[in-house]
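Atoms considered below: every heavy atom in the structure, side chains included; atoms not considered: hydrogens, waters and symmetry mates. The structure displayed is predicted, hence computed values, not measured ones. In what follows, chains carry the letters A, B, and so on, assigned in the order in which the sequence lines appear, proteins first and then strands, with residues in each chain numbered from 1.
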Amino acid sequence: MTTDDRLLVIIAGPTAVGKTSAVISLAGLFNTEIFSADSRQFYREMKIGTAAPSPGEMASVKHHFVHHLSISEPYNVSRYEEDVLALAGKLFPEHPVLLMAGGSGLYINAVCHGIDQLPDPDPEIRRQLKETFTASGIEPLRRELTLLDPEYARHVDLANPARLLRALEVCRATGLPYSRLRTSRPVHRNFRILKVGLELPREELYERINGRVDAMMQAGLFEEALALYPFRHLNALNTVGYKELFDHFEGLTTLEHAVDKIRIHSRRYAKRQMTWFRSDQEITWFHPQEVEKMAEFIRRNNQD
RNA sequence: GGCGUCGUAGCUCAGCUGGUAGAGCAGAGGACUGAAAAUCCUUGUGUCACUGGUUCAAUUCCAGUCGAUGCCA
């Protein structure tokens, strides 16, 4: 069975640009459902700080990959890719068009271009590597990588501990050089993909971000973060909006300063997202309110 | 009103005894294959408040003006 006439439309863009509202309108026009590609909206305990769709929005259109996990469940891009492909396979027969909205570029890439199949990380190996890094810094990691995978060592950012840690945990677990396993082989999807990007003038986007942080505080972000404080070591909570308040709970900053940091970190996050998406030549850009234009663009590409 | 302190990058401030300036933060640009709202890299020319004076040379010394602030009245 082939579904090559089916279309997955990606709605990408920085945080607070207006993806949620645009994609809900589009879902209405195309009578279809929405996949989220926001790596933090997955977690049901994090509702306010992740600006997840409201209960009303969730009720008006079927959303997938929103609040489907608990913060304590381990999850990663590769599993996301599998889960999305499985669900798309189920839904496409009924829906000529499916929508995916989100700001996590890596997750979107995994769906569009695939991600290399590698063994799941071994928590014990990861723990040991982290311990080495904490105790002795990045130098031992560099040395080990140069030894185990000289090829990758030539290309990685040797100043980035996260990259080195990841490569080493794969080398150690498999006994093979990480670069050998990173084939980046192009995958074939049995549906077509269309990428829509949403953008606003920088100043306007930053105003929206600032406004949204205030709105989150009024909606009870403080209480939400306080309830999650005991779980602050979980990766899911290494997230803008929570970690800054955790600092305040620990007495490291005033509340005012913490909220200020949330604004700053949200802006920087948005900037990184824009850097990521800007370099993606497959994206066609729209103003978030040009829903009609987007719909037309989708229809046009859906006929070919 | 008197005395003192201060006025340097968007913000907070460094600049010893004169040779036209430099940090942190913010901002900007970039990277990115299982932590990705993560992680990391690059990036600092601005009437040194204003006006005069001294000097070969003044952000730096002197005088005045304006502004901020503190103490005394």
For RNA chain B, list all stems, counting runs of three or more consecutive pairs where every pair is Watson-Crick or G-U wobble with both distances under 3.5 Å.
-> B:1-7 with B:66-72, B:10-13 with B:22-25, B:27-31 with B:39-43, B:49-53 with B:61-65
Would you jot down, in residue-number order, the residues of [range] having a non-hydrogen atom under 4.0 Å from RNA chain B?
range	answer
residues 193-229 of chain A	R202(A), Y206(A)
residues 234-243 of chain A	N235(A), N238(A), T239(A), V240(A), K243(A)
residues 67-79 of chain A	N76(A), V77(A), S78(A)

Is R272(A) positioned over the aromatic face of Y269(A), cation under 6.0 angstrom from the ring centre and no more than 45 degrees off axis?
->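 R272(A) over Y269(A) ring: no.
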What nitrogen or oxygen pairs link the protein and nucleotides 30-32 of chain B at under 3.5 Å?
| from | atom 1 | to | atom 2 | distance (Å) |
| --- | --- | --- | --- | --- |
| G30(B) | OP2 | R278(A) | NH2 | 2.4 |

Just jot down the salt bridge (charged side-chain N to carboxylate O under 4.0 Å, His left out) partners of [X], sequence neighbours excluded, or say none.
X	value
K293(A)	E290(A)
R172(A)	E144(A)
E139(A)	R142(A)
E282(A)	K195(A)

What residues, two or more places apart in sequence or in another chain, satisfy ring-ring contact (aromatic ring centres under 6.0 Å, His included) together with F65(A)?
->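 Testing F65(A) for ring-ring contact (aromatic ring centres under 6.0 Å, His included), a comparison that skips the adjacent residues, returns F35(A), H68(A), Y80(A).
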Residue pair Y242(A) / E224(A), side-chain donor-acceptor N/O under 3.5 Å = yes
Donor + acceptor pair across side chains of R212(A), T15(A) (<3.5 Å) = yes
Could you list who else is in M58(A)'s hydrophobic cluster, with ILVMFWY side chains joined at under 4.5 Å, directly or through other members?
->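 Members alongside M58(A): V66(A).
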Ring pair (Phe, Tyr, Trp, His ring centres under 6.0 Å) pairs touching residues 117-175 of chain A, sequence neighbours excluded, are Y152(A)-Y178(A)
Is the shortest distance from a Lys or Arg side-chain nitrogen in E169(A) or R127(A) to a carboxylate oxygen in the other one below 4.0 Å?
->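 No, E169(A) and R127(A) are not salt-bridged.
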Between G19(B) and C48(B), how far apart are the C1' atoms? Round to whole Å, please.
->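 Roughly 15 Å separates the two C1' atoms.
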Look at the side-chain N and O atoms of Y178(A) and state whether any lies under 4.0 Å from the OP1 or OP2 oxygen of G34(B).
-> yes
